[in-house]
Amino acid sequence: MHIELASSLGHLSNASKDSFPEISRRLVEVADAIRMGRRVRPQVFRAYFLLVQALVAEDQHHAETLLQKIEAAPDRSASLKLTYFGASEADSLSLDLIDDGLRLAPITATEAADFQMLLDEGLDLLRQNLSELYGELRSIVHEVLLARAPSGDKMQFDGASHYQFWGLLMLNPKHHKTPLAIVEVLAHEASHSLLFGMTIEEPLVLNPDEELFTSPLRLDSRPMDGIYHATYVSARMAWAMEMLASSGCLSDDDHERAMAMAAVDRSNYAKGLGVIDQHGDLSATGKTILDDARAWIGH
């Protein structure tokens, strides 16, 4: 994704060199730094999306503010960074997400510390027994933000990803109480990010966003892109649970739980696939990716 970010910043530089020559020059410097190996945090990707909008609107002041934010942002940590809404270091990121429409509420330092230990156990389970998914996860996800939904909200979340915050995964500690549950939600959310990364050139589906359909994973109706995501990630969750179950690493009780979770995931996949097969207008990319999921589910 960093290659695409550098390329797009170069395009923005060319497009803005007549209107905003100083901004254009600075964009080249940022793009060159990324090409040379700079790796940025999720908020930089978010600032990039807003910068595009500001330049299209010819809002020079806002564009300069966003570009300064990109230039001054600390580089991404080599290790997986965990923070939580309620810690001062996460205030800016949390508020950016809220500004984008997510409904989040803070958690306590104690909750975050307890979840850190559980997350480490889940990652160790992956690293030792499902290295393929562990490697993929660590190449995609670089920050985890813990938060919860506001009290009284009808819509709760257990995890979330956002294409504009590349490298970020949001988790609600309330919903994940065992290492096995951690593995399943990591497989879920990392799969959303994987799909984001595989759709640089074209979307997964060609259905208009105004068309809504029943989702296998949510109470509210969703556009076909959301149905596709839910269907694909359900297959990946089933894969993760069944691979762990077959590895011999789980206790008898956890083996039974993993297979039960996989059965639910397979059922959700089948429900979503039925909607896609009946109503989906898939791009070539979308068809190829889904065909791979069909092949595994049907093996």
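Positions are given from 1, in the same order as the sequence printed here.
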*Find the distance between CE (Met170) and CG (Leu93) and round it off to the nearest 0.5 Å.*
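If we round to the nearest 0.5 Å, Met170:CE and Leu93:CG are 8.0 Å apart.
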*asked:* Quick check for you: to the nearest 0.5 Å, what is the distance between Leu126 atom CG and Glu132 atom CD?
replied: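 Between Leu126 CG and Glu132 CD, I get 11.0 Å after rounding to 0.5 Å.
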Would you say that more than 12 heavy atoms from the other residues, nucleotides or ligands in this model lie under 6.0 Å from the [atom1] of [X], or not?
{"X": "Lys69", "atom1": "NZ", "value": "yes"}
{"X": "Gln68", "atom1": "CD", "value": "no"}
{"X": "Glu256", "atom1": "CD", "value": "no"}
{"X": "His175", "atom1": "NE2", "value": "yes"}
{"X": "Lys174", "atom1": "NZ", "value": "no"}
{"X": "Glu29", "atom1": "CD", "value": "yes"}
{"X": "Asp291", "atom1": "CG", "value": "yes"}

Do [X] and [Y] sit in one hydrophobic cluster, given that two such residues count as connected whenever their side-chain heavy atoms are within less than 4.5 Å of each other, even indirectly?
{"X": "Trp296", "Y": "Leu194", "value": "yes"}
{"X": "Leu9", "Y": "Met1", "value": "yes"}
{"X": "Val28", "Y": "Ile70", "value": "no"}
{"X": "Ile227", "Y": "Leu206", "value": "no"}
{"X": "Val56", "Y": "Leu27", "value": "yes"}

Shortest non-hydrogen contact from [X] toward [Y]:
{"X": "Val40", "Y": "His2", "result": "N-NE2, 3.0 Å"}
{"X": "Ala73", "Y": "Val44", "result": "CB-CG2, 3.5 Å"}
{"X": "Ser191", "Y": "Ala187", "result": "OG-O, 2.6 Å"}
{"X": "Pro179", "Y": "Glu121", "result": "CG-OE1, 3.4 Å"}
{"X": "Gly122", "Y": "Ile182", "result": "CA-CG2, 3.9 Å"}
{"X": "Leu125", "Y": "Cys249", "result": "CD1-SG, 3.9 Å"}

*Within the distance-only criterion (no hydrogens, no angle test), does the side chain of Asp281 pair as donor or acceptor with the backbone N or O of Asn207 below 3.5 angstrom?*
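Side chain of Asp281 to backbone of Asn207: no pair is present.
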*Quickly, which of Arg39, Arg41, Lys81 forms a salt bridge (charged side-chain N to carboxylate O under 4.0 Å, His left out) with Glu143? Name it, please.*
Arg41
_Partners meeting ring-ring contact (aromatic ring centres under 6.0 Å, His included) with His255 (sequence neighbours left out)_ =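 Not a single residue meets the ring-ring contact (aromatic ring centres under 6.0 Å, His included) criterion with His255.
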*Classify the ring geometry between Tyr228 and Tyr232 as parallel (under 30°), tilted (30 to 60°) or perpendicular (over 60°).*
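Rings of Tyr228 and Tyr232: parallel, as their planes differ by under 30°.
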*Parallel, tilted or perpendicular: rings of Phe196 and His229 (30°, 60°)*: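 Ring orientation of His229 relative to Phe196: tilted.
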*Would Ser79 and Ser77 count as having a side-chain donor-acceptor pair, cut-off 3.5 Å?*
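Short answer, yes.
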_Distance-only side-chain donor-acceptor flag, Gln43 / Ser92, under 3.5 Å_ = yes
*For Glu22, which residues count as a salt bridge (Lys or Arg N to Asp or Glu O under 4.0 Å) partner, sequence neighbours excluded?*
Arg25
Any [X] side-chain heavy atom under 4.5 Å of [Y] side chain:
{"X": "Arg148", "Y": "Asn172", "answer": "yes"}
{"X": "Val30", "Y": "Leu67", "answer": "yes"}
{"X": "Ile297", "Y": "Leu273", "answer": "no"}
{"X": "Glu184", "Y": "Met241", "answer": "yes"}
{"X": "Thr214", "Y": "Arg222", "answer": "no"}

*Going through the checks in order, is the side chain to side chain contact (heavy atoms under 4.5 Å, CB included) test met by Ile23 and Leu12?*
CA-CA 9 Å; Ile23 288 177; Leu12 288 178; over 6 Å; no
*asked:* Set out, in order, the CA-CA distance, both residues' side-chain angles and the distance that settles side chain to side chain donor-acceptor pair (under 3.5 Å) for Gln60 and Glu64, then state yes or no.
replied: CA-CA 6 Å; Gln60 182 175 357; Glu64 288 177 342; 3.1 Å; yes
